[in-house]
Asker: 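Please read through the structure below; I'll follow up with questions.
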Amino acid sequence: MQPHHRSYWPIVAALTALSAPLVIMYVYQLIDTVTTTAPGSIIPNGITLQHWQFLSQPITRDGPTIWALAGNTLIFACSTAVVVTGVSLTAAYALSRLAMPGRGLFLGGLIVLHAFPTLTLIVAVFLILQYMGLYDTLTGVILVKVAFELPFGIWIMKGFYDSVPWEIEMAGVTDGASRFTVWRLLVLPQVQPGLAALLIFSFLSGWSEFILPLVLAPANAPQVLATYLAAIIADDRVADFSLFKAVSIFYALPVLAIYVIFQKKLMNIYGGGSKG
Amino acid sequence: MKLVLERFTKRFGATTVIDGLDLTVADGEMIALLGPSGCGKSTTLFAIAGLHRVDGGRILFGARDVADVSAQARNVGIVFQNYALYPHMSVAQNIGFPLRVRGESTTQIDRKVRSIAGLVRIDELLDRRPAQLSGGQQQRVALARALVREPDVLLLDEPLANLDAKLRMEMRSEIRRVQLETGITAILVTHDQVEAMSMCDRIALMKTGQIVQISSPAEMYDNPADRYVASFLGNPSIAFLAADAGEELRLAGGQSLGPAGRLAGQGPLELGVRPEHYGPGKGPQLQGKVVMMETHGREDLFEVDLDGGGRLRAILPAGSGVRTGASVDWGVAVERLFAFSPKGARL
């Protein structure tokens, strides 16, 4: 094994050199949030927790607390994940298994939407939300986010359903179970890895969404962390890079945690039902 | 329970796959639907199970017409080629699933599962998952699950196709034993004539959506209804020779088999000769040359090109000493010949 390993060293060294700038920037990002540095220097000259004060008090006097923003983001990401997964689960089953009218058209549309730069629809979406009275509400942003995520979710789940043998359902039906019972007790457990992966994936996608809340909910009330972060850097009253870095880390931590905890489940989404 | 198909018709879109098929299976009988792929045998089986909608005719379980009854309400047990076990459930849960769906009590389910597991001899596997079982064991579980709710009919869709040769022999007799012990009416779909002949009381041989002949295995082998049946049954398979029946029975290659007997004056026809009816001293001699010899252990298989044309197969006990290239003058048992019209009908 040892000589085998050694042959990788040049590649490892090259990759390390290439990614060094990124790694160094991340390290500095972390260091900057807990230190003070004299202007023009790169060596920190003191330790401080003042950049993390946003955890206990609002950054601007009349602004929202970070926890309210995190709560908003959490609601946004969770709602997106739950609705996307729920709709994908049922829609994908129908597309995979039921001989319904317009199925081919629907599947074709799904692929087109999957590849379509949906953001170009933003003006139309804006008008519709305005018309429905959902503009500048979290509900409106969630609905749009869900709609944008669904083609991907349905397509992924359809792949998982397609890999479940027909015979399992046929056996279930002859065993006396209704189609719904067959789906719930026999098919759903087979696509459970896909379900978990999609849930996490759409949560992360919701958590990191920036454009939709920015455009469709620009007012103060339903802000999420992504747009708030942009606001910090744009606001010349509090232009503070160390604060920006600290909030960034706060914003990225849940994502990192989820990746670390669920990385096995997330890999499933690309393995799309290779097990029968 | 007696099963009757009356004028059963099945269409897929504009294509009629099965047109007015009649079939009667007696109570406790095991019948094979035998035929090449695409002949409609699985379609028929799935229609009986209620998985395919019936486009015409009746399907009777006893006196009850189930043609419009849903699969759930039909009470059939079915074993699929890939067994279709539920991978996330233990063996006991798999077998008990039909009872669970029916809402039976846990103690009752447990009792029935144990009793059926004993019948198919998987008592010690009840806690395993399907993935932890061998092919033969999975097959037994599938059989137990199909039988546990005491179905009116047991349907077997190519149940042995995924097993290796040795297990297939074992499961052949196991399935038959269980069928006889439970006395259940059973239908076996297969394309393997050996399976059909060794497991079933009767065989229904199918071709393009129709039953060509239905009879006991021995009867079908000895008395095929037409050329198709004769060619389907038998391994190594039957050989055909073009011939002409005037006063005498003369092969297209010129050699004669003697007086034509009851075939006299039939004109051009085709003769079917099974390998066991061709060999040294079996009847009128034909000149030929051995072109191929295969050793099967207990016996040897030969292919002989007749002088003037035509090829016959012979199966002889091992040790005949005949080699490839040898000239032979083996005979044909004329009384065991099958004669077919140019259109394939039996003469």
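In what follows, chains carry the letters A, B, and so on, assigned in the order in which the sequence lines appear, proteins first and then strands, with residues in each chain numbered from 1. Please read all numbers here as calculations on a predicted model, not as lab measurements.
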Asker: Between A:E167 and B:Y83, does a side chain to side chain contact (heavy atoms under 4.5 Å, CB included) hold up when you go through it step by step?
Answerer: CA-CA 8 Å; A:E167 282 85 354; B:Y83 321 130; over 6 Å; no
Asker: Does A:Y26 have more than 12 heavy atoms from other residues, nucleotides or ligands lying within 6.0 Å of its OH?
Answerer: no
Asker: Please report the closest heavy-atom contact between A:G176 and B:V101, naming both atoms and the distance.
Answerer: O-CG1, 3.2 Å
Asker: Between the side chain of B:H88 and the main-chain N/O of A:L185, is any donor-acceptor distance below 3.5 Å?
Answerer: yes
Asker: Any chance you could measure A:E169, atom CD, to B:L51, atom CG, to the nearest 0.5 Å?
Answerer: 11.0 Å
Asker: What's the separation between atom CZ in B:R100 and atom OG1 in A:T181, rounded to the nearest 0.5 Å?
Answerer: 9.5 Å
Asker: Would you check if the side chain of B:Y86 reaches a backbone N or O of A:G172 as a donor-acceptor pair within less than 3.5 Å?
Answerer: yes
Asker: Looking at every non-hydrogen atom in both residues, tell me the closest pair between B:L85 and A:I168 and how far apart they are.
Answerer: O-CD1, 3.7 Å
Asker: Go through A:L186 and B:F97 one step at a time and tell me if the side chain to side chain contact (heavy atoms under 4.5 Å, CB included) criterion holds.
Answerer: CA-CA 10 Å; A:L186 302 181; B:F97 185 76; 3.8 Å; yes
Asker: Please step through side chain to side chain contact (heavy atoms under 4.5 Å, CB included) for the pair B:Q72 and A:V173, ending with a clear verdict.
Answerer: CA-CA 6 Å; B:Q72 287 93 339; A:V173 166; 3.8 Å; yes
Asker: At a 4.5 Å cut-off on heavy atoms, which part of B:R149 comes close to chain A: side chain, backbone, both, or neither?
Answerer: side chain
Asker: Measure the spacing between CG of A:D175 and CG of B:N94 and express it to the nearest 0.5 Å.
Answerer: 9.0 Å
